[in-house]
Structure formats: C-alpha cells, structure tokens
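Just so it is clear, the model here is predicted, and its values are computed rather than measured. In what follows, every heavy atom counts, from backbone to side chain, and hydrogens, waters and symmetry copies are set aside.
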Amino acid sequence: MSNAAIARALSEIASMMELLGEDSFRVLAHSRAARAVEDFPGDIASIARGATGAADLRKIEGLGPKTAEKIVELVTTGAIAEHAELAAKVPAGLLQLLQLQGIGPKTVRVFWTQAGVTSLADLHRIIADGSILKLPRMGEKSVEKLKAAISMLSESTKRHRLGPATVLAEAVIAHLKARAKIERIEAAGSLRRGRETVGDLDILVATADPAGVVQAFVTMPGVTAVLQSGETRASCRVRLSAGEAVTDDGEAPIKDAGEDSGPSMQVDVKVVPLESWGAALMYFTGSKDFNVALRGRAQDRGLTLNEYGLFPEDHEKTPPQARHVRPLAGKTEESICEALGVAWVPPEIREGRGELDVKGTPRLIELGDIQAELHSHTTASDGVLSIVELAKEAKRRGFHTLAITDHSQSSVIANGLKPDRLRRHIRAIHAAREEVKGITLLAGSEVDILPDGRLDYDDELLAELDVVVASPHAALKQEPKAATERLIRAVSHPLVHILGHPTGRLIMRRAGLEPDMAEVIAAAKAHGTALEINAHWMRLDLRDVHVRMAVEAGCAIAINCDVHHPADFGNLRFGVTTGRRGWLRAEACVNTWSAKDLHEWLKKKRR
DNA sequence: GCCGTTTTCGGCCCGACTGTTTTCAGTCG
C-alpha cells in the first residue's frame, strides 16, 4: 500500500470528523498525520508491517499512538474501522463539496443538516429552486460565487507542474513591473520552494502604490476571474497561456481562444510594507510546518513572529504592528533568523524537518555550478539538432563537456540506433570534435534497461562508448519487486555511469516504477554509479525525497536536461532546484566537476 | 489527537477579505 493511499485514508477521516462537527484539534491532528505520511520518504506500509510497527511509526513527527495504530490497522487488515464508522454517518458526496472554493466544513454542514444536501446534485437543486437563500449567511452574492465555484470545480483543484507555473509567475511579475512603481517583487509559496507541482501562485510586492499594483493585476490579459480584490491583496484566476508558449505538455503553444478557456491558475498578489519584506516573504514562502517551527523558536525567546515582523511578546490583544510597535527584525529573512539564533536556510529545504537545527546555512548546489550536460539527443534518434548544432549550443552555454546519448535499439518509437548505426554515430561524434573546439564531445548512449535489467547493447559495444546512461522506458508498470531487481541490476553493471530518469514517471500523468529506492541507492553507491535528476519539469526524476536519501547515502548525482530541443537546456534550473530540495551540494553532483575530474570518473569504468 | 529546555496538562498561527451582519462568522493561505 502506497504512502499516498494511507495518507488519503487519514485525510478522509479528518474531513468526515470535520463535517460531523467534532473537535477541531483532533481533525487537525489527522490532517497533520496524513501529510506526514504523504511526505515521508520511506515506505510507510513496510514500517507498519514490522514487529514494532506502531512504535516505529510514532517516531515520525506528526504521528502519535492513535494514528500509528490506525496505520498498522489499515496496512494489516486493509481498512480502518473508524473510517468505516465515519463513512456510515457522512454521505460520500459531501467530501466533494469540501473541494469547492470558498466553501468550508461549516457551510457544507449547514447544507447537509439544514437542507438535506448530500451531493453536488442536491446542491444544484437547492440553488435552482432558490431554497438555498433561506439558509443562514446565504445571500445573492454568496450563491453567485458558489455557482462559479461549482463550474470550475475540476479546474480549481488542479495543481500545475513547476515549469508552466514558473513561466506564468515570471509573466505576472514582468507585467506588474511594467505598469506600477515597484520596490520589490518576488514569487513566494511552493513555487519559491521549488516543489514539483504548485497549487497557486503567491506574488509579493512592496510598493508605494498598492492600488496601482492591484489595478494592474486584475486587468492583466489572461485574467479570467477576479476572486477578490482589496486594498492590499487580490486574487485572480489567470490562464497559463498568459505565461508564454509552454503548454501543459511542453509542446506547441496554446491557441488563445480569446475567451475564458484553457487551463488556468489562481494567482494571489499581496502588497506588503517594505520594512516587513523579509517577514512577509518568509511567512508566505512556508512551508506551513517550517513556519510553525520558526514561530515556536520565537515563542521560546519571548517573541512573536508574524508576516509583519518579529516582535516582543506582550500578550496584548491588538497585534503589535497595529499598535506601531517597532519590530526587532523583519526587513530581511536573514535579520529574522539572526534575531532567532537560527541559520537562514534556502526556501527549497523549508519543510519543518529539523532544518532549523542546522549549524550555518548549508551551501547547496546552484545553477552556476553546472559545467557539463551528460544526456542529449540528436536527429539520429528523436532530437531536433545535429551533433554539431548541439555541441555549439552546449558550448555557448558555457559547458566544458557534452555527452551525446541517443536512444538504443529497443526504443523504436524514438528511432533508437541499431548497433551498426551506433558505431557509425560514434565515428560521427568523433569527427564533430574537429569541427567544434573548446568543448569536450563525448560519445554515449541512453541505453534502455530491459524489463529484466539487462541492457539493450552487448558489453563489447557499450565499452566503445565514453558515457553510458541506462534508463527504463518500457514496462513501467511492473511490480515493485521486479522494478527493484531491474534497477539494481542496471546500476551494478560495470559499464553503466548513470541511471537515467530512474522511475520513468511523468508528473501528474504516469506513476512510473516504484522500486525500493533505498536498495537501488545502496547498489548505485556500491558500484560508483550516479543517479540522474532528469531536469525536465515533466519528469524531475529522481524526485526530491529520493535525492535526499541518495545524498545521505553518499551516492553521486547527475543533473541532466535530456536535451531533445535547444530550449530543453533551460530546464536545468528545475533539476538544480530539485537537487537543492534534496540537500544536494555541488561536490556530490558529477556535472559540477572539472573536466579533468569528470573525464577521469567516466574512464574509471572503462578499465 | 499530538506535543513538551518554561508544560505529561493545556495548549494548538493568525490576519485579510467577503458577505452578511448590526458586530462578526467563515474561509483561505
């Protein structure tokens, strides 16, 4: 049973208790437990099945005696009795109503207990016959908002992948900068933390002209609905196509239908005072758990931290900023951390997982550290550039090394190379070295890992290559056990340098392989094989939690753009961000090494 | 239901916005 499935069960318990009007802190505890399970890097089910399952689970922050027992119950019996008892009391359709924007548990409970609503269809009915207006706090405007929320139910609950979300955020920032006088502007939230998917965008602005900023935002092209618009914040749904020519699939540009169609995202613009910039940025960047931990540190010191700054705790009812109390810190994130006696940590690792205990700011990998691209495709397989064009582009971007790694024979759809074609291709790469100087061109291959873990070329041919990236492309639904054996066999092969996109997942589209990653990492470490973070925003594979496992195990990491098109080099930042989320330091990433060190490492597997 | 170098009991983030109110409840992040 996957962590996600266990988290869902706990989360449903929380929602159902909420609808029954039970103690809100019990609800909160179950929601927290669900998140703890969802975000846990290891396999919760196998821990729960252990002899001391419940005790081991309790060591995870957010899980206590009761929630640990419920997880053990779920894993061993397939269900939680309490879940079934709650489900008998709460109609299933109500959970869907909770997804509606602007509708929370209190309102759903009113619909249910006072109007007998148990489904979306019932809700439609009381709207249609007007009886909804008899319910408390339900006026014309509320009903209009509710109708809008129903019509975009599926769209508004959808998360979006990091790539398109980043592009849209940059477009909003550019738009506001061009139309209002702005002191500072930055995207906060999960985008700043570099999560692989983003629910909505939080754009923070420091400005002398709040009204101008809000006005510029709500009239921006691509805005399909203004959800709220006040003096210091506004919320809109904005079409992703307002970003630029990056669609959800990373292919052709979205055709602008000129109406409220196409995928959209909620974008919140918040105006904050310049003297509170750091406090607001920190507050709105999160994560929630990180903020809670940080506020705990403030409390320990008799201080209170909010989005306006760090203040002395004086137990007054009115918040300090409203009484014009001078904050102890707030203009920058660093000043707040200093006043709290904690090291400033990069947004990517703010997860409330003990990062406040680190001594000194960790020096994580940065975009500028990358000096080599080790995974690229030419027109020989499914790329759009020739060897020379690709080499020139890599050189232009300042890389000292480029590995050409076209697909192997089993990837028929990608025009994979049969052995004789590969041999000619190797010679063509060698010839291109004469044409493009100032960059080392390596002859490689992205070799398919067959379902049983064998490679797609024989060892003799593999030994002729400078670089071997072994990747799974087919049979991505095989059982975890088979997947684990398959990948271990591949990383243990003496001629393999890098395990490419280890799981083959596509974010929000395809789960990919679900091997026991700890075992794969251990085998990779033992054989000196690097694990790839594929930088494409559709993949980001290895994923962040597995990067952290690999980093802690001392395994080498590669960050590659898997270049098929010149624009793919631009995805590098997403790969680096994912590395940072896994606490990756430059020295553990082979792409940051000097040409000498990198080439030496590659050759070691050829002796 | 969880958690603890100010607590094993008594806390559990809090401010902006909105719509419906006659001073505030609900939602959101």
Side-chain angles (χ1 to χ4, degrees), chain A residues 10 13-14 17-18 22-36 57-71 82 97-111 133-146 149 156 188-191 198-204 210 214 226-235 266-273 276 279-280 282-309 311 313 317-322 341 352 357:
Chain A
L10 291 168
I13 288 176
M17 290 197 309
E18 203 165 25
E22 292 190 17
D23 176 45
S24 61
F25 295 113
R26 284 186 66 218
V27 174
L28 187 66
H30 282 86
S31 299
R32 282 211 188 109
R35 251 209 83 189
L57 287 174
R58 282 191 59 185
K59 291 180 192 145
I60 299 169
E61 191 168 331
L63 298 184
K66 298 277 186 67
T67 44
E69 275 306 330
K70 283 172 202 177
I71 292 170
E82 187 186 7
L97 300 188
L98 278 179
Q99 304 293 315
L100 291 165
Q101 175 104 34
I103 300 297
K106 300 272 169 58
T107 311
V108 172
R109 199 170 144 75
V110 167
F111 289 156
L133 291 166
K134 297 196 192 85
L135 296 174
R137 312 187 56 77
M138 272 293 151
E140 298 281 350
K141 281 195 174 179
S142 302
V143 174
E144 281 313 307
K145 286 205 158 183
L146 178 56
S156 63
S190 51
L191 184 95
V198 178
D200 53 28
L201 298 179
D202 293 300
I203 312 285
L204 293 196
V214 168
V226 178
L227 305 173
Q228 63 170 217
S229 164
E231 286 176 24
T232 62
R233 56 176 67 176
S235 223
Q266 181 171 328
V267 182
D268 297 345
V269 168
K270 297 173 176 116
V271 176
V272 305
S276 303
M282 193 149 237
Y283 182 87
F284 289 111
T285 295
S287 67
K288 216 172 194 179
D289 292 339
F290 175 84
N291 287 348
V292 168
L294 201 62
R295 270 196 303 274
R297 293 299 171 104
Q299 277 169 13
D300 294 347
R301 296 185 166 229
L303 305 173
T304 177
L305 177 64
N306 63 26
E307 67 213 78
Y308 291 97
F311 300 90
E313 176 59 87
K317 249 188 173 171
T318 322
Q321 70 276 6
D357 298 324

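Side-chain contact check for E82(A) versus M17(A): some heavy-atom pair is nearer than 4.5 Å. You'll find the side chain of P210(A) stays beyond 4.5 Å of the side chain of E231(A), heavy atoms only. No side-chain heavy atom of V108(A) sits less than 4.5 Å from a side-chain heavy atom of E18(A). Taking 4.5 Å as the limit, some side-chain heavy atom of I71(A) sits within range of a side-chain heavy atom of L10(A).
For the C1' atoms, the distance linking dA16(B) with dG10(B) amounts to 29 Å, nearest Å. Rounded to a whole angstrom, the distance from the C1' atom of dC13(B) to that of dC28(B) is 13 Å. A distance of about 15 Å separates the P atoms of dT21(B) and dT27(B), rounded to the whole Å. For the C1' atoms, the distance linking dC12(B) with dT7(B) amounts to 13 Å, nearest Å. Atom name P, nucleotides dC17(B) and dT8(B): the rounded distance is 41 Å, in whole Å. Spacing between dG15(B) and dC9(B) at atom P, rounded to whole Å, works out to 31 Å. For the C1' atoms, the distance linking dT5(B) with dG1(B) amounts to 24 Å, nearest Å.
Here dC17(B) presents its P atom at 16 Å from CD of Q101(A), a figure rounded to the nearest Å. Rounded to an integer number of Å, the gap from R297(A) CZ to dT6(B) C1' is 15 Å. With rounding to whole Å, D268(A) atom CG is found 11 Å from dA16(B) atom C1'. Atom CZ of R32(A) and atom P of dG1(B) are 14 Å apart (whole Å). One can place CG of L98(A) at 15 Å from P of dG26(B), the figure rounded to the nearest angstrom. At whole-Å resolution of the value, CG in L57(A) and P in dC2(B) are 12 Å apart. As rounded to whole Å, 11 Å separates atom C1' of dC2(B) from atom NZ of K66(A). Taking atom CG on L201(A) and atom C1' on dC28(B), their separation rounds to 16 Å, with Å as the unit.
In this structure, the nucleotide among dC2(B), dG19(B), dT27(B) sitting nearest to the side chain of P65(A) is dC2(B). Set against dG15(B), dC24(B), dC17(B), the side chain of R137(A) has dC24(B) as its closest nucleotide. Considering only the side chain of Q321(A), dG15(B) comes nearest among dG15(B), dC17(B), dG1(B). Out of dG26(B), dG1(B), dG15(B), the shortest distance to the side chain of E307(A) is found at dG15(B). Here dT18(B) is the nucleotide among dG26(B), dT18(B), dG29(B) with the atom lying nearest to any side-chain atom of K145(A). The side chain of R295(A) approaches dC13(B) more closely than any other nucleotide in the set dC13(B), dT18(B), dA16(B). Side-chain proximity of A29(A) to the nucleotides dC3(B), dG1(B), dG26(B) is greatest for dG1(B). When distances run from any side-chain atom of N306(A) to the nucleotides dG15(B), dG1(B), dT20(B), the shortest one goes to dG15(B).
Both V143(A) and Q99(A) lie close to DNA chain B; mapped to their nearest nucleotides by heavy-atom distance, the more 5′-ward contact belongs to V143(A). Ranked by how close their nearest DNA chain B nucleotide is to the 5' end, K106(A) and A234(A) are led by A234(A).
Put simply, K70(A) has a side-chain N or O that comes within less than 4.0 Å of OP1 or OP2 on dG1(B). Residue S235(A) has no polar side-chain atom (N or O) positioned under 4.0 Å from OP1 or OP2 of dC17(B). Residue S229(A) places no side-chain N or O under 4.0 Å from the OP1 or OP2 atom of dC17(B). Note on Q266(A): a side-chain N or O is less than 4.0 Å away from OP1 or OP2 of dG29(B). Under 4.0 angstrom from either OP1 or OP2 of dC12(B) there lies no side-chain N or O belonging to S24(A). Residue T304(A) has no polar side-chain atom (N or O) positioned under 4.0 Å from OP1 or OP2 of dC13(B).
Residue contacts for L28(A): at a heavy-atom cut-off of 4.0 Å it reaches no nucleic acid atom on any strand shown. Residue L135(A) is out of contact with every strand shown, counting any heavy-atom pair closer than 4.0 Å. Across all strands, I103(A) comes closer than 4.0 Å only to sugar-phosphate atoms, never to a base (heavy-atom distances). Counting any heavy atom pair closer than 4.0 Å across all strands shown, N291(A) reaches no nucleic acid atom. Residue-level contact check: P136(A) touches neither bases nor backbone, having no heavy atom under 4.0 Å from any strand. Contacts of G62(A) with the nucleic acid, taken as non-hydrogen atoms under 4.0 Å apart, involve only primed sugar atoms and P, OP1 or OP2.
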Start with the C-alpha gap between D268(A) and R233(A), add the side-chain angles, then the distance that decides, and say whether side chain to side chain contact (heavy atoms under 4.5 Å, CB included) holds.
-> CA-CA 7 Å; D268(A) 297 345; R233(A) 56 176 67 176; over 6 Å; no

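Taking syn as a glycosidic angle within 90° of 0, dT21(B) does not qualify and is anti.
A donor N or O paired with an acceptor N or O is not found under 3.5 Å between the base of dA16(B) and the side-chain atoms of R233(A). Side-chain atoms of Y283(A) and base atoms of dG29(B) include a donor and an acceptor less than 3.5 Å apart.
Within 6.0 Å of the CD atom in Q228(A), the count of heavy atoms belonging to other residues, nucleotides or ligands exceeds 12.
Pairing of dA16(B), defined by two Watson-Crick or G-U wobble distances under 3.5 Å, is identified with dT27(B).
Judged by ring centres under 5.5 Å apart and planes tilted less than 30 degrees, F25(A) stacks against the six-membered base ring of dC12(B).
A279(A) and N306(A) get closest at one heavy-atom pair: CB-O, 3.7 Å.
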Show me the donor-acceptor pairs, under 3.5 Å and distance only, between side chains in residues 290-298 of chain A and residues at least two apart or in other chains.
unit_1: N291(A); atom_1: ND2; unit_2: Y283(A); atom_2: O; d: 2.9
unit_1: R297(A); atom_1: NH2; unit_2: D357(A); atom_2: OD1; d: 2.7

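A donor-acceptor contact closer than 3.5 angstrom is absent between the side chains of S276(A) and E307(A).
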